[in-house]
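Let me begin by presenting the structure, written as structure tokens, before commenting on it.
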Amino acid sequence: MPLPLPLPCFSSHLLPSTFPPFLHSPSPLFSPSKFHTHSFQLSNTCSPLSDHSLSSLLRHPSPSLLRSLHASLLKLSHLPFHPFLSNSLLSSYLKLNLFQDAYSLFLSLPHPDVVSYSTLISAFSKSNLRHEALRLFSRMLYSDITPNNYTFVAILPACFPLPLALQMHAMVIKTGHLDCPFVTNALMGLYGKCGLYHAVLHLFDEMPHRDIASWNTVMSAAVRGFMYGTVFELFREMRGTDATLRVDDFTLSTLLAACSGSGAVAQGEQVFAHAVKVGLDGDLSVGNALIGFYTRCGSVDDVEWLFERMGVRDVVTWTKMVTAYMEFGLVGSTLRVFGEMPEKNVVSYNALLSGFCRNGEGLKALDLFIKMVEEGMELTDFSLTSVVNVCSLIADYEVSKQVHGFVLKFGCGLNACIEAALLDMYTRCERMVDAKKMFLRWELEEFSNVAWTSMICGYARNGQPDEAISLVQRSQSEGKMIMDEIASVSMLSLCGTIGCHDMGKQIHCHALKSGFESNMGVGNAVVSMYFKCGNVDDAIQMFDDMPSSDIVSWNTLISGYLLHRQGDRALEIWSLMQKKGIKPDQVTFTFIISAYRVINLNLVDDCRSLFHSMRPVYQIEPTSEHYASFISVLGHWGLLEEAEETIIKMPLEASASVWRALLDSCRLHKNTTIEKRVARNILALEPKDPSTYILVSNLYSASGRWHCSEMVRENMKEKGFHKHPAQSWIICNKKIHSFYLRDRSHPQEKDIYSGLDILILECLKVGYVPDTSFVLLEVEEFQKKHFLFYHSAKLAAAYGILMTKPGKPIRIVKNILLCGDCHNFFKYLSIVAKRDIFLRDSSGFHCFSNGQCSCNDYW
């Protein structure tokens, strides 16, 4: 890719307008008289100070020594006329981070030279005072002092955003400094910081002379650009081009980062062996990189072994251990090592905070954040983004309001990353009205893509597919959203959620044309989309065609088979992963355990063995999600007593999701005794959850206590709680048609109801018997049948039959579990309508054909 044409000159209008107070000082901040009390003085009669004498004095400088020397030199009038003295003193001030003193000295020089400017610019740039460095560089140009190689190396790291980087590139070319490897290395580093990774590769290819820093810079940029294959190619080229180049700690750390990102286990182990061979395995940065690699591609035992063998550890080492234990789901071990840390910084706390989120420990994460605030710790953008994500995790309306208020008070409300997290938080806390208000006032055009994708996915997540598709169409017509890799992943996820196969295929084609398909995230999203839209063949084909895969890819494949109730295929993939040496993660075990639910009873022993092997064999601590999956398997096969006993003996507190897994099994097997005990536990754990109120109400209704059931629902309304209503939708003529229970809002509602009435009569003739036990209302029997007949899924099916050609399959999506009566009805409907009916509910796909269902009536 050719580099963009650089601008012809350096523009001062790109410089900032505000700077620290000391940069506006018109004169030095001190005078010689201030130093009369210091012990070090030079006599007026002393001979001129030699370079050797000055070097001796400045070998181990202290602030008092420097200031005394400065004052004495001013008194003797040596300083203004001796560039070496002034530059040496300037450099010494900067080594001690005495920026005000250094700048005052600089202002006192009548004719600062290129060394003076370069020294001060370098110090500002390295201390993240980029605005000050740029202002000083501009002043240097206006003083007609030509920058040299060292000046460019000093100023280039401060030259971003991109327009400024391009102008500086032009100046480097104009002044003939591009042939210097140091300058080109700095320029590559700048383009890498700006995200122009192909520009880095272009510069590297044009370099006539390269050193180890050149190779390290280009490989580091390739890692940041997720071009892991390019990293390995570059390393092989480096080894083949110049055998005299010795890899250093930075080279090995970069290679290990590439191995971690790509899941390249064999290459990572080779890098480790090479580190041992060249004697760098004991280097601190290499050791830290190895911990990161084995966290991603190894076991917790590997990580612990590396940690124990490290003779020197720093705060990065300890923080990586916190991250590692969290990655393996070992929250207890994480807290132990965090407590043992000899030094902690904000990165350490952020690692613990994000780890809690990753392991579903929302309340612990919130407590940690509160502790950070109370102790006055530094809060970074990452800290605030993490706590907003915590609110998304726990989905608590009141907490989300408090956190938003804190973020605004903290003064970071306009930060684009935090704003995006807040918008996502609103959509996950069912605050779509607030989310829409924030979306409408979004003004940061460069980040508007994030807002559009968050809002679209939020609508889909909250059961508003019509609004989601409408916003997609608006974004395309108005050109508001750029379909980059991130947006493509979000839109593919949306298409999978709502079952919009045609649009998903269009986005897949766009990804192919744009070259995004090689992106692993996009490839995984395509596989997931096809599975969720019922297209198993294309999903498998996409997985097989992916140039590389990670654990997310394999998890997506397994979950796709589970969605289609092909547990045997899921277990085959699990066996293949073990043969290939692919390291499973927590999600893998959640899916694999669930696979035993859709196979047969004879494999329950295998499921028990797998569940109990997680910690000793795979170093993964079972979480509540794993227990919920295991309980669901036991309960599904009628082992309710064993399931209840397993929950009671859990080493961690059973969450509501674990008890709900058993509750569903009790309903399936009609065991009311255990069901009541389970319900009491759920009520104790989640007394404020809306679904808990519904649970209590249904239990009252099932036992005929209608008055109590009504009181619970009234209490729920008074407290402002509401549950997501059952909703079904079907896509016809590229438009979503949504239906609720007894919904009459559709423009063709008369035709839909007339058609459904005819279909019901035909189904009754061939054996359909309405099961009124699913109607938990105190009404007459004929009224219960009326409620059953007009469930949302039946209305969607009737509309689909009316609007599609005879013989064409009907595809429906339902946001909750299909009730038993509707399931029975669709079996008869497939006979009467002579159609295959594909319905996806919260449990997976039901394929109704000729009076049978793919789930074998057991879901």
For this session: Work out which heavy atom in Cys194 is nearest to a heavy atom in Ala165; give both atom names and the distance.
Result: SG-CB, 4.2 Å
For this session: Ignoring hydrogens and angles, state whether a donor on the side chain of Thr380 or Ser383 is under 3.5 Å from an acceptor on the partner side chain.
Result: yes
Exercise. For residues Asn185 and Asp211, is any side-chain donor paired with an opposing acceptor at under 3.5 Å?
Worked result: yes
Exercise. Below 4.5 Å, heavy atoms only, C-beta onward: do Lys344 and Val315 meet side chain to side chain?
Worked result: no
Problem set entry | Cation over ring face, Arg313 and Phe307, 6.0 Å, 45° | yes
For this session: Look at the side chain of Ser122 and the backbone N and O of Thr119, then say whether any donor-acceptor pair between them is shorter than 3.5 Å.
Result: no
For this session: With sequence neighbours excluded, give me every side chain to side chain donor-acceptor pair (under 3.5 Å) pair touching residues 146-157.
Result: Ser118-Thr151, Asn148-Thr151, Asn149-His177
For this session: Hey, could you give me each pair passing ring-ring contact (aromatic ring centres under 6.0 Å, His included) that has a residue in residues 204-234? Not counting sequence neighbours.
Result: Phe204-Trp215
For this session: Compare all side-chain heavy atoms of Asn288 with those of Met310 and state whether any distance is below 4.5 angstrom.
Result: yes
Exercise. Relative to each other, are the rings of Phe152 and Phe137 parallel, tilted or perpendicular (30° and 60° limits)?
Worked result: tilted
Problem set entry | Residue pair Glu378 / Val346: nearest heavy atoms and the distance that separates them | O-CG2, 3.1 Å
For this session: Kindly determine whether Met171 and Thr175 satisfy side-chain contact (heavy atoms from CB on, under 4.5 Å), including the steps that lead there.
Result: CA-CA 6 Å; Met171 183 174 289; Thr175 55; 4.3 Å; yes
For this session: Determine whether Leu134 and Leu164 make a side-chain contact, defined as any pair of heavy atoms from C-beta on separated by less than 4.5 Å.
Result: yes
Problem set entry | Verdict with supporting geometry, Met238 and Val247, side-chain contact (heavy atoms from CB on, under 4.5 Å) | CA-CA 10 Å; Met238 183 187 83; Val247 299; 3.6 Å; yes
Problem set entry | Student check: side-chain heavy atoms of His169 and Cys159 closer than 4.5 Å | no
Exercise. Do Thr319 and Ser348 have side-chain N/O donor and acceptor atoms under 3.5 Å apart?
Worked result: yes
Problem set entry | Least distance between heavy atoms, Gly192 atom then Val200 atom | N-CG2, 3.5 Å
For this session: Over 60° means perpendicular and under 30° means parallel, so classify the ring planes of Phe272 and Tyr294, tilted if in between.
Result: perpendicular
For this session: Compare all side-chain heavy atoms of Val347 with those of Phe382 and state whether any distance is below 4.5 angstrom.
Result: no
Exercise. Can you list the steps and then say if Asn350 with Met372 is a side-chain contact (heavy atoms from CB on, under 4.5 Å)?
Worked result: CA-CA 10 Å; Asn350 285 344; Met372 291 170 68; 4.0 Å; yes
Under 3.5 Å, sequence neighbours excluded: what are the donor-acceptor pairs made by side chains of residues 275-287?
from: Asp281; atom 1: OD2; to: Arg309; atom 2: NH2; distance (Å): 3.0
from: Asp283; atom 1: OD2; to: Ser285; atom 2: N; distance (Å): 3.0
from: Asp283; atom 1: OD2; to: Ser285; atom 2: OG; distance (Å): 2.5
from: Asp283; atom 1: OD2; to: Val286; atom 2: N; distance (Å): 3.2
from: Ser285; atom 1: OG; to: Asp249; atom 2: OD2; distance (Å): 3.1

Exercise. Among side-chain atoms of His198 and Tyr191, is any donor-acceptor pair under 3.5 angstrom?
Worked result: no
Exercise. Looking at Cys297 and Ala264, what are the two nearest heavy atoms and their distance?
Worked result: SG-N, 4.5 Å
For this session: Of all the heavy-atom pairs spanning Ile145 and Pro112, show the shortest one and how long it is.
Result: CD1-O, 3.2 Å
Exercise. Cut-off 3.5 Å, side chains only: do Arg139 and Ser143 have a donor facing an acceptor?
Worked result: no
Problem set entry | Audit row: Thr295, Met321, side-chain contact (heavy atoms from CB on, under 4.5 Å) steps and yes/no | CA-CA 9 Å; Thr295 297; Met321 287 302 297; over 6 Å; no
For this session: Would you sort out whether Asp113 and Ser116 count as a side chain to side chain donor-acceptor pair (under 3.5 Å), showing the intermediate values?
Result: CA-CA 5 Å; Asp113 59 11; Ser116 311; 2.8 Å; yes
For this session: Locate the shortest heavy-atom distance separating Ser127 from Phe99; write the atom from each residue and the value.
Result: OG-CZ, 3.1 Å
Seminar exercise, completed: Taken to the nearest 0.5 Å, the spacing of Leu136 CG from Leu120 CG works out to 5.0 Å
